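Only one structure is covered here, and it is reproduced in the block below.
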Amino acid sequence: QVQLVESGGGLVQAGGSLRLSCAASGRAFRPYAMAWVRQAPGKERELVAAIRWGSHNTYYPDSVKGRFTISVDNAKNTVFLQMNSLEPDDTAVYSCGAAMLFGILGVLQNYDNWGQGTQVTVSS
């Protein structure tokens, strides 16, 4: 069974940066892809970054493209989300998920095994 634990959230001023981490554990953890999603109060869950495990194939929606970067440390089974030029609209709970089967990177429904999430708050 896969367990995902996020960390790195916090309070930051607009224009600032944060780096989120997602540590994965479980026997023979080899997902097809990993993703970061966010959910703000009253809003739908939004996929903000995805990466195919063991490759450089990534996906970003327009809302974060050029500001967010997803990366993987395969040896440590850890996924990172570097967030720069943060805006108040980026305020949300950020969670990571794993896709254990083949699928399109940018499709939210392909991911599950979600972690508990980490709060990111951007002040104006």
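Predicted, not measured: the structure shown is a model, and the values here were computed from it. Residues take their numbers from the sequence shown, with the count starting at 1.
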For the [atom1] atom of [X] and the [atom2] atom of [Y], what is their distance to the nearest 0.5 Å?
X: Ser63; Y: Asp89; atom1: OG; atom2: CG; result: 9.5 Å
X: Thr121; Y: Leu11; atom1: OG1; atom2: CG; result: 6.0 Å
X: Leu81; Y: Glu6; atom1: CG; atom2: CD; result: 11.0 Å
X: Tyr111; Y: Leu47; atom1: OH; atom2: CG; result: 6.0 Å
X: Ser21; Y: Leu4; atom1: OG; atom2: CG; result: 12.5 Å
X: Tyr59; Y: Ile70; atom1: OH; atom2: CD1; result: 12.0 Å

| request: Could you give me the CA-CA distance, side-chain angles and deciding distance for Arg52 and Leu105, then say whether side-chain contact (heavy atoms from CB on, under 4.5 Å) is met? | output: CA-CA 7 Å; Arg52 182 174 173 182; Leu105 288 182; 4.2 Å; yes

| said: Filter on side chain to side chain donor-acceptor pair (under 3.5 Å), then keep only pairs touching residues 91-100, sequence neighbours left out; what's left? | reply: Arg38-Tyr94

Side-chain heavy atoms of [X] within contact of [Y], under 4.5 Å:
X: Met34; Y: Trp53; answer: yes
X: Asn113; Y: Met100; answer: yes
X: Pro88; Y: Val122; answer: yes
X: Glu46; Y: Val37; answer: no
X: Phe68; Y: Leu86; answer: yes

| task | State whether a side-chain donor-acceptor pair under 3.5 Å links Asn84 with Ser17. | result |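 Short answer, yes.
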
| Quick check, are the ring centers of Trp36 and Phe80 under 6.0 angstrom apart? |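 Between Phe80 and Trp36, which both carry aromatic rings, the centre distance is not below 6.0 Å.
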
| task | Could you check Tyr32 against Asn110 for side-chain contact (heavy atoms from CB on, under 4.5 Å), going step by step and ending with a plain yes or no? | result | CA-CA 10 Å; Tyr32 174 77; Asn110 289 338; over 6 Å; no

| said: Restricting to non-hydrogen atoms, name the atom on Pro61 and the atom on Ala49 that form the minimum distance, rounded to 0.1 Å. | reply: CD-N, 4.5 Å

| Atom of Asn74, atom of Val72 and distance for their closest heavy-atom approach |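 Minimum heavy-atom separation between Asn74 and Val72: OD1-CG1, 3.2 Å.
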
| Between Ile51 and Asn57, does a side-chain contact (heavy atoms from CB on, under 4.5 Å) hold up when you go through it step by step? | CA-CA 6 Å; Ile51 187 167; Asn57 290 346; over 6 Å; no

Take atom [atom1] in [X]; do more than 12 heavy atoms of anything else shown fall under 6.0 Å from it?
X: Gln116; atom1: CD; value: yes
X: Ile104; atom1: CD1; value: no
X: Gln119; atom1: CD; value: yes

| Step by step, would you call Asp90 with Arg67 a side-chain contact (heavy atoms from CB on, under 4.5 Å)? | CA-CA 11 Å; Asp90 295 318; Arg67 301 189 298 121; 2.8 Å; yes

| request: Report yes or no: do Val12 and Val64 belong to one cluster of Ile/Leu/Val/Met/Phe/Trp/Tyr joined by side chain heavy-atom distances under 4.5 Å? | output: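 Val12 clusters together with Val64.
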
